[in-house]
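Beneath this line is the structure, given in C-alpha cells, with notes to follow.
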There are 2 protein chains.
Amino acid sequence: MILKSQVEWALHCCAILAGLPDGRYLSTKALAEFHGLPKEYLSKALQSLSQAGLVDTTLGPSGGYRLARPPADLTFLEIVEAVEGRQRTFVCTNIRANNPCRPKDYCESSPCAVARIMWEADEAWREKLRGVRLSDLVGILSKEIPSELWKSSFEWVLERAG
Amino acid sequence: MILKSQVEWALHCCAILAGLPDGRYLSTKALAEFHGLPKEYLSKALQSLSQAGLVDTTLGPSGGYRLARPPADLTFLEIVEAVEGRQRTFVCTNIRANNPCRPKDYCESSPCAVARIMWEADEAWREKLRGVRLSDLVGILSKEIPSELWKSSFEWVLERAG
DNA sequence: CAAATAAGGATATTCTTTATCCTTGATAGA
DNA sequence: TCTATCAAGGATAAAGAATATCCTTATTTG
C-alpha cells in the first residue's frame with residue numbers, strides 16, 4: 001500500500017508555488033525541471049490540483065500555476081486527497097455475508113466491526129494531515145535549507161515565473 | 001492506495017481462531033469455506049501470519065491454524081503488518097536533490113521535511129491500530145452478532161476443528 | 001499405507017501506476 | 001494578425017503490484 005509518487009510531487013510543487021509573488025504563475029515545464037520530473041506526467045498531478053480548486057491556472061506564454069489560496073489556508077490533506085483521491089485504504093467486501101450459518105434474509109444492522117476499526121485508523125491518518133498547513137511546511141523548509149540555496153532557488157523560480 | 005484484500009481476510013480469520021478452544025486447529029479449507037474465499041490464495045495470507053509468528057500450525061489430517069497468543073496479546077497492527085508489510089505509505093524519492101541550484105557536494109542533514117510530515121501521519125495510523133487488540137474485536141462482535149448466529153457459527157467451526 | 005494438511009515455488013491474469021504522445025483551445029507578445 | 005507557449009485532457013503503452021491457480025514436497029494422523 002503505497003501512495004502515488006504524484007503525491008510527493010504535488011506537495012513539493014505547492015511548496016514552490018507558496019513562494020511565488022502575488023499574480024505570478026509558474027509553468028509545468030519549470031516545475032518539472034526544478035524537481036527533475038517528467039513534464040507530461042507531472043502535468044497530470046497539477047491538473048488534479050487544478051480540478052480540486054487548490055491552484056489557479058492561466059494559458060499562453062507566461063502562463064502556468066499559482067496557489068488559489070494563501071499557504072496557511074491549504075492543508076496537506078487537501079493536496080494529498082486531490083492527487084490520491086478520497087477513498088479509504090481499507091475496502092470492506094463484507095465477507096461476513098458469506099457465513100454459511102447465516103439466514104438468507106439476514107440484514108446487517110451496521111458496517112462490519114473490522115471495517116469500522118480500520119476506518120478509524122484511516123481517519124487518524126487524515127486528521128494528522130488535516131492539521132498540517134502548507135505554511136507549516138514552508139516554515140520548516142525556510143529554517144532547514146541553507147540561506148544561499150534558498151535564495152538561489154527563489155531566483156531560479158522568479159526568472160521563469162510569468 | 002488500497003490495502004490488500006488479504007488484510008481483511010486475515011483479520012476475519014483471526015477473529016474466528018480467537019474462538020477456538022485450546023489445542024484445536026482450524027484448516028485453510030474450513031476458513032476459506034466459512035468466509036467464501038479462494039482457498040489457495042487465502043493460504044498465502046495465513047502463511048504470512050505464520051511467518052510473523054502470530055499463529056501456530058500443524059500438518060496432517062486435523063491440522064491447521066491456531067493463535068500463537070491469547071487474543072488480548074494480539075494487536076490489529078501486528079495482523080495488518082504481517083500481511084501488508086511494514087513499509088510506509090509515503091515513499092520519499094528525495095526529489096529535492098534534483099534542484100538545479102544545488103551544489104554538487106551538498107549533503108542532506110536530515111530526511112526531507114515533506115517525508116517527515118507524511119511519516120507522522122503513517123505513524124498515527126499505526127498507533128491507532130496498535131491500540132486495538134483482537135480481543136476488542138471479539139468483544140464487539142459478540143455484542144453485535146445475534147446470539148443464534150454466533151452460536152451456530154461456533155458449532156460450524158467446532159465440527160471442522162481438528 | 002493412505003488421506004489430509006501447511007509450505008512454498010511457478011505461473012497466469014487483472015488492475016493500477018507510471019509514462020508518453022498528440023490534439024484542442026486559450027493567451028501573450030511581436 | 002501571426003507565432004510561440006501554455007493547460008487540459010484523450011489515447012495508448014509499459015511496468016509493476018495484486019489476485020488467483022496449480023503443482024510439488026514434507027509432515028502428520030489414523
Side-chain angles (χ1 to χ4, degrees), chain A residues 1-10 13 17 23-33 35-68 82-85 87 89-91 93 95 160-162, chain B residues 1-10 13 17 23-33 35-66 68 80 82-85 87 89-91 93 95 160-162:
Chain A
M1 185 185 60
I2 294 181
L3 287 162
K4 298 178 190 173
S5 56
Q6 288 189 341
V7 170
E8 182 187 18
W9 304 355
C13 287
L17 294 180
R24 310 283 296 272
Y25 292 86
L26 197 61
S27 70
T28 305
K29 185 185 172 193
L31 285 165
E33 191 179 342
H35 294 111
L37 301 173
K39 190 186 108 179
E40 305 281 356
Y41 193 35
L42 173 62
S43 168
K44 304 295 186 186
L46 297 173
Q47 282 173 38
S48 296
L49 295 178
S50 175
Q51 285 167 0
L54 307 185
V55 297
D56 292 331
T57 68
T58 58
L59 295 176
S62 80
Y65 298 88
R66 71 177 178 198
L67 295 182
V83 172
E84 184 66 36
Q87 191 171 26
T89 67
F90 183 87
V91 175
T93 62
I95 61 175
R160 288 157 182 84
Chain B
M1 185 184 63
I2 294 180
L3 287 161
K4 298 179 191 172
S5 57
Q6 287 189 341
V7 169
E8 182 187 18
W9 304 355
C13 285
L17 294 180
R24 311 283 296 271
Y25 292 85
L26 197 60
S27 69
T28 304
K29 184 184 172 192
L31 286 166
E33 191 179 342
H35 294 110
L37 301 173
K39 191 185 108 179
E40 306 281 355
Y41 193 34
L42 173 63
S43 170
K44 304 294 185 186
L46 297 172
Q47 283 172 39
S48 296
L49 295 178
S50 175
Q51 286 166 0
L54 306 185
V55 298
D56 293 330
T57 69
T58 58
L59 294 176
S62 80
Y65 297 88
R66 70 178 178 197
V80 170
V83 172
E84 185 65 37
Q87 191 172 25
T89 67
F90 183 87
V91 175
T93 62
I95 60 175
R160 287 154 181 87

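In what follows, every heavy atom counts, from backbone to side chain, and hydrogens, waters and symmetry copies are set aside. Lettering of chains follows the sequences in order, A, B, ..., and the numbering in each one begins at 1.
- Taking atom OH of A:Tyr25 as the reference point, atom P of D:dA8 lies 11 Å away to the nearest angstrom.
- Look at CZ on A:Arg24: it is 16 Å from C1' on D:dC6, rounded to the nearest Å.
- For the pair B:Gln47 CD and D:dT24 P, the interatomic distance rounds to 17 Å; values are reported in whole Å.
- Among the atoms of the strands shown, only primed sugar atoms or phosphate atoms (P, OP1, OP2) are found under 4.0 Å from some heavy atom of B:Tyr65.
- Residue A:Ser43 is the one, among B:Ser62 and A:Ser43, whose nearest nucleotide of DNA chain D lies closer to the 5' end (criterion: closest heavy atom).
- The NZ atom of B:Lys39 sits 12 Å away from the C1' atom of D:dT21 (whole-angstrom rounding).
- In this entry the distance linking CZ of A:Arg66 with P of D:dA7 reads 14 Å, nearest Å.
- Taking the side chain of B:Pro38 as heavy atoms from C-beta on, and the options D:dA20, D:dG9, D:dA7, the nearest nucleotide is D:dA20.
- Protein chain B contacts DNA chain C from C:dA3 to C:dT17, reading 5' to 3' and using non-hydrogen atoms of the protein with a distance under 4.0 Å.
- To the nearest 0.5 angstrom, A:Gln47 atom CD is 9.5 Å from A:Gln6 atom CD.
- Taking each heavy atom of B:Gly63 and B:Thr58 in turn, the nearest pair found is CA-OG1, 3.3 Å.
- If you measure from atom CG of A:Leu46 to atom P of D:dA8, you get 8 Å, rounded to the nearest angstrom.
- Minimum interatomic distance between A:Leu67 and A:Asp56 (heavy atoms only, all atoms of both residues): O-OD2, 4.2 Å.
- Distances shown here put a side-chain N or O of A:Ser50 below 4.0 Å from the OP1 or OP2 atom of D:dA8.
- As judged by a 4.0 angstrom heavy-atom cut-off over every strand, A:Gly64 is placed among residues touching the sugar-phosphate backbone only.
- Between the C1' atom of D:dA11 and the CD atom of A:Glu40 lies a distance of 13 Å, rounded to the nearest Å.
- Following rounding to the nearest Å, A:Lys44 (NZ) and D:dA11 (P) show an atom-to-atom distance of 11 Å.
- For the atom pair CZ (A:Arg160) and OG (A:Ser27), the distance works out to 9.5 Å, reported to the nearest 0.5 Å.
- Within the model, atoms OG1 of B:Thr28 and NZ of B:Lys39 stand 7.5 Å from one another, a figure rounded to the nearest 0.5 Å.
- Rounding to the nearest 0.5 Å places OG of B:Ser5 at 9.5 Å from CZ of A:Phe90.
- To the nearest 0.5 Å, atom OH of residue B:Tyr41 and atom CG of residue B:Leu46 are 12.0 Å apart.
- In terms of position along DNA chain D, the nucleotide closest to B:Trp9 lies nearer the 5' end than the nucleotide closest to the other residue of the pair B:Leu59 and B:Trp9.
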